[in-house]
Amino acid sequence: LDPVGHLQIGSMALAGSIHDLHSAKSSSGDHASHTIFVIDHSGSMRTDDVEGQRRIDAVYDCLAERFIVDQLANGATEADKVSVVLMSEGAEVMLQEQSISHSLRRTFQSRRSAARPRGHGNYVPAIDLANRLVRACASARFTTLVFLSDGKPSDKIPPGHGAPMSKLKNLIVSAWRGLVGSLSLTQLEKFGFVAMGFGREDFSILEAMVAEAGRRRNGDPVGQFNQLALQLRSVQTAFSSVSSSLTSSRLQPQGYRGELRQVQLDAAIVSWPCQGGGPGWLTYLEADKLEYNAMSNSFSKVGVATLHVRRTAFGQGSQRNVYQLQAIHPGRDPQQLVGKESKRECDAGTRLDFHKMAAKIQAEAQKLATKFNARLNCAWTVEYVSFCVYKFSAPEGTRYLFAEKYIDGNYVKWIKNDGVILQPNATGTRRNSSLSSGLSSITENDSNPRQMLPSRTAGASLLGSISEGAAGPGVPPTPFGMGQSAMSMQAGLPEAFSHFTWDYTKKLMVLDIQGVLVENPHGGGMFYLTDPAISSVDKSFGATDLGQQAINNFLESHSCTTACNTVKLEAKKCKICLDRPCAVRFTCGHAVCCGPCAQDLLSSVGSCPVCRHRPLQVATRSADVEHESTFLAPNPRAASSGLGHPPAFRSPVASTGHLGRLTIEAMLHEHRQQLPW
């Protein structure tokens, strides 16, 4: 995401509201997560323009039926807490640190008819109250603040000169700065912010709050701004996205939790040194070069080099600081490299182990890339950058740098480590990437490389070693570096590679697909990739292994392309009989079953097994469905269709548009019980 990531969310059905609950503080202690919802409770939230329902009804029902239900289906425990702040003329704590539970869901449901939004919506009191809640639960492993408003703030503007809107913005941002400014950099790493603008108002102040949070963390985005349409599906999608992000955070191991290293950042890549080093560079005369052996999962010394290491890092990812590095081996020309080091202090015995996991992941990804290339058998290939580790003595102790070749070119991220697809498929369609976005403490950092180093031009690909993230919805698609005539099979290769790794191994998937596309002028070319992440069934690949959740995220949003068909990847199976291929898409946009099972659902259940949309109608019957995304959002501009008259569908979107996988499985199980067989 860019510091102010824009996302226009689509549309689906709800009801409910809540009022006048007394604050009930749980016993303090370590919490797995703390999610704080600041809900606009001003008079405008009574407006019944969300497909005939009040705005407040849609919001509170989503809290119960989308956020709480999805969390319960995806492993939330009593250690996962929720607080709710009501924002009107003042601010009121409705719930404080309540455990995610069926009881909390029933509380939302039972109180919803009593909601009485009234008065104006003043941001400053709500921000101040949210600040106290954040500090009161500082021990939470992850804290997420969701701020929802349907209009501009109504806070009183202080006297003075200047445009009223400008003064109001300064007032709100100043209060917000007090919240994010009170957090240490370590706390900011586990803090996520989601601003939701409900309706068609001017939400520039919410966007400014998101940007301010990013500036507090040296430009790394802390959250995102989502503008919700006045449609039921839009609200549902937004709350499902928050839940999916929280689930990803819970699945991710904590990894190394030492103190953050204090480093300075260069504004951009600097000139590489001559052999004698230069100002701003540190020289180490005898550094051991270590190579990784995948069979023994160990490093061994293979040579010695002189290193020139830049004093200041030129980028940071979620796990590592990244430095410019030049290695000079006897009798060889200097090598331009990037060197990566843990962001956190750790004892000498674990410093090499930190790099061992990265080496294991990259070696496994390269092994699978070799098998993929052999299966593909064409002029296009997928390759991972070669790597080694340099060990050397420094005044602060023994240092280990994970070194990779410097790659010149346009850096692109196609797929995030949580399985969300970012870049175009073979048709050039941009996908929605809101899942887990904005919660940089949860998954990989989503910073836009070209925003992190605005002065940098050539060599942008180096940021594959830096950002461990990608441009978000508000950033134009990064060039592929190839002509329109070539955007056929090769444009689908990154997705096809991830799909292949799951289909081939049945237990893991290579994700975080990022790097540079290098074209051969005589035809074909190579995807030169770096910094992979692997998600596995047994979560055996370190802190970036988000397990089955990330795998499901990818599978539910991926549409097979020519590349997938070329390597003969397995198509999507019916989720009910688990045997025949999917062949039917319903008018709600979901495709989860074969023809016979669809007929049984039509005659006996009458609602979609995923979203429960009624009446259940078939939009498409086609063999192509098995290669398409599980969910394609119906185009709201197209006329509604009846049986046999398919509506126009949008392009595939990421899995934020539907429920978490465990929720889907629970619903499918319920529907299986209702089928006649």
Side-chain angles (χ1 to χ4, degrees), residues 185 189 217-221 255-256 258 260-273 280-282 284 287 307-327 335-346 351-352 354-355 357-359 361-362 384-392 394 396 399-413 417 440 444-471 512 514-516 528-533 542-544:
L185 290 178
E189 279 212 327
R217 207 171 67 182
N218 298 323
D220 286 356
Y256 291 85
L260 284 172
R261 298 179 189 273
Q262 299 301 311
V263 298
Q264 292 181 314
L265 290 176
D266 278 331
I269 292 292
V270 300
S271 300
W272 297 91
W281 294 81
L282 299 172
Y284 302 96
L307 298 185
H308 300 303
V309 182
R310 185 70 182 163
R311 286 180 181 272
T312 50
F314 73 92
Q316 292 180 316
S318 65
Q319 300 286 327
R320 296 177 284 193
N321 296 319
V322 186
Y323 301 85
Q324 286 181 256
L325 169 66
Q326 186 180 74
Q335 292 179 290
Q336 295 178 354
L337 308 169
V338 292
K340 308 171 192 177
E341 186 175 44
S342 171
K343 287 175 66 173
R344 298 183 179 275
E345 298 287 355
C346 49
R351 289 173 188 169
L352 185 58
F354 176 84
H355 294 309
M357 180 54 70
I361 293 170
Q362 198 141 325
Y384 276 91
V385 180
S386 59
F387 66 90
C388 67
V389 170
Y390 286 104
K391 173 187 176 182
F392 53 93
E396 63 270 29
R399 292 182 67 183
Y400 295 88
L401 289 181
F402 188 98
E404 291 180 339
K405 180 182 177 181
Y406 167 84
I407 314 170
D408 195 8
N410 291 319
Y411 178 78
V412 184
K413 170 166 278 202
N417 78 311
S440 52
E444 295 274 43
N445 183 7
D446 291 319
S447 48
N448 176 3
R450 286 181 289 182
Q451 287 178 334
M452 287 181 66
L453 300 181
S455 63
R456 188 164 171 228
T457 52
S461 62
L462 261 175
L463 288 152
S465 309
I466 304 170
S467 66
E468 301 180 4
D512 230 2
Q514 56 192 320
V516 176
Y528 209 21
L529 306 179
T530 183
D531 278 1
T544 57

Worksheet item: Atom CG of Leu401 and atom CZ of Arg320: how far apart are they, to the nearest 0.5 Å?
Response: 11.0 Å

Worksheet item: Do Glu404 and Gln362 meet the criterion of a side-chain donor-acceptor pair at a distance under 3.5 Å?
Response: yes

Worksheet item: Residues two or more places apart in sequence or in another chain: which of them pass side chain to side chain contact (heavy atoms under 4.5 Å, CB included) with Ala403?
Response: Leu325, Leu337, Cys388, Tyr390

Worksheet item: Would you say the side-chain atoms of His355 pair up with the backbone N or O of Tyr400, donor to acceptor, closer than 3.5 Å?
Response: yes

Worksheet item: Looking only at heavy atoms, what is the nearest atom pair of Phe314 and Val338, with distance?
Response: CZ-CG1, 3.9 Å

Worksheet item: Can you list the steps and then say if Thr530 with Tyr384 is a side-chain contact (heavy atoms from CB on, under 4.5 Å)?
Response: CA-CA 6 Å; Thr530 183; Tyr384 276 91; 5.6 Å; no

Practice prompt. Please work out which of the three classes, parallel, tilted or perpendicular, describes the rings of Phe392 and Tyr284, given edges at 30° and 60°.
Written response: tilted

Worksheet item: Going through the distances and angles, do Gln324 and Trp281 end up as a side-chain contact (heavy atoms from CB on, under 4.5 Å)?
Response: CA-CA 9 Å; Gln324 286 181 256; Trp281 294 81; 3.7 Å; yes

Worksheet, complete the sentence: Heavy-atom closest pair (Asp512 atom, Ala533 atom, distance to 0.1 Å) is CB-N, 3.5 Å

Discussion item. Please report the interatomic distance CG(Asn321) to CD(Glu341), rounded to the nearest 0.5 Å.
Written reply: 7.0 Å

Worksheet item: Can you find a pair of side-chain heavy atoms, one from Ile361 and one from Thr544, that are under 4.5 Å apart?
Response: yes

Worksheet item: Do Arg399 and Tyr323 meet the cation-pi criteria used here (NZ or CZ under 6.0 Å from the six-membered ring centre, within 45° of the axis)?
Response: yes

Fill in: Tyr528 vs Lys405 side-chain heavy atoms within contact, under 4.5 Å
yes

Item to complete: For Leu352 and Lys391, run side-chain contact (heavy atoms from CB on, under 4.5 Å): C-alpha distance rounded to whole Å, both residues' side-chain angles, the deciding distance at 0.1 Å, then the answer.
Response: CA-CA 9 Å; Leu352 185 58; Lys391 173 187 176 182; over 6 Å; no

